Amino acid sequence: QVQLVESGGGSVQAGGSLRLSCVASGPSYRRNCMGWFRQAPGDEREGIASVNIGNDHTFYSDSVKGRFTISQDNAGNTVTLQMNSLKPEDTAMYYCAAGTRACSAFWFDASQYYTWGQGIQVTVSS
């Protein structure tokens, strides 16, 4: 069974940076697409970045493209989200997620992922 543990959240001022890490354990064949989602109070869960473990192909939402970078180690055991130029609207609970299949055109859809971390808070103040 795959388990995911996030770390690295916290509070930062606008324009600052944070680095989130997701450590995965369990069968690697069940972790072919790894993603980061976020959810602010009252909002739906938003897919912001994913990486295909097999070919390192990355995907980003328009809201974070150019500011956030997702990366993984060779086996997808650790997936990192480097967040730069943070804005107050980036404030949310951030979740790491794992999907069995390779990332598809629907990488941003939460239903593509079957395992989720517990979430970690990111707060950006103006």
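Remember, it's a predicted structure, so these values are computed and weren't measured experimentally. Sequential numbering from 1 along the given sequence is applied to the chain's residues.
- Under the 3.5 Å distance criterion, the side-chain polar atoms of Gln39 are left unmatched by any main-chain donor or acceptor of Met93.
- Hydrophobic clustering of Ile, Leu, Val, Met, Phe, Trp and Tyr side chains at less than 4.5 Å, counting indirect connections, unites Phe59 with Tyr95.
- Side chains of Tyr94 and Met83 form a contact here, defined as non-hydrogen atoms less than 4.5 Å apart.
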Worked verdict on Gln72 versus Thr78 for side-chain hydrogen bond (donor to acceptor under 3.5 Å, both in side chains)
CA-CA 6 Å; Gln72 52 126 351; Thr78 301; over 6 Å; no
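- How far SG of Cys96 is from CD of Gln3: 12.5 Å, rounded to the nearest 0.5 Å.
- Taking all atoms of both residues into account, the shortest heavy-atom contact from Gly47 to Ser61 is O-CB, 3.5 Å.
- Looking at heavy atoms from C-beta onward, Thr80 lies out of side-chain contact with Cys22 at the 4.5 angstrom threshold.
- In the hydrophobic clustering of this structure, Leu81 groups with Val79; members are Ile, Leu, Val, Met, Phe, Trp, Tyr whose side-chain heavy atoms approach within less than 4.5 Å, directly or through other members.
- With hydrogens and angles ignored, the 3.5 Å screen pairs no side-chain donor or acceptor of Asn52 with any backbone N or O of Cys33.
- Considering every non-hydrogen atom in both Ser104 and Gln112, the closest pair reads OG-OE1, 3.8 Å.
- Of all the heavy atoms in Val2 and Pro27, the pair that sits closest is CG2-O, 3.7 Å.
- Checked against Leu86 for a side-chain contact (heavy atoms from CB on, under 4.5 Å), the options Thr91, Leu18, Thr123, Val64 give a single hit: Leu18.
- At distances below 3.5 Å, not a single donor-acceptor pair connects side-chain atoms of Asp56 with backbone N or O atoms of Ile53.
- Residues Ser63 and Glu46 come closest through the heavy atom pair OG-OE2, 2.9 Å.
- Looking only at distances, no side-chain donor or acceptor of Asn84 sits under 3.5 Å from a matching main-chain atom of Ser17.
- Of the possible polar contacts, none joining the Arg45 side chain to the Asp109 backbone as a donor-acceptor pair under 3.5 Å is found.
- If you chain together hydrophobic residues whose side chains sit under 4.5 Å apart, Val23 and Ile70 never meet in one group.
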Chi angles and distances behind the side chain to side chain contact (heavy atoms under 4.5 Å, CB included) call for Gln13, Val124:
CA-CA 5 Å; Gln13 289 192 327; Val124 184; over 6 Å; no
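- Environment of OH in Tyr114: crowded, with over 12 heavy atoms of neighbouring residues, nucleotides or ligands closer than 6.0 Å.
- Annotation for Leu4 and Ala24: closest pair CD2-CB, 3.5 Å, computed over non-hydrogen atoms.
- Looking at heavy atoms from C-beta onward, Met34 lies out of side-chain contact with Ser50 at the 4.5 angstrom threshold.
- A salt bridge links Asp90 with Arg38; the closest basic N to acidic carboxylate O contact falls under 4.0 Å.
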Please assess Arg67 against Lys87 for the test side chain to side chain contact (heavy atoms under 4.5 Å, CB included), listing each intermediate value before the final yes or no.
CA-CA 10 Å; Arg67 300 188 297 123; Lys87 305 175 182 179; 3.8 Å; yes
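- When atom types are taken as modelled, the side chain of Glu6 and the backbone of Gly119 share a donor-acceptor pair closer than 3.5 angstrom.
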Could you walk me through whether Tyr113 and Thr100 pass the side chain to side chain contact (heavy atoms under 4.5 Å, CB included) test, one step at a time?
CA-CA 7 Å; Tyr113 304 83; Thr100 302; over 6 Å; no
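- Side-chain rings of Trp116 and Phe37 approach one another, their centers coming within less than 6.0 Å.
- For the residue pair Ala102 and Asn32, the shortest heavy atom distance occurs at N-CB, 3.9 Å.
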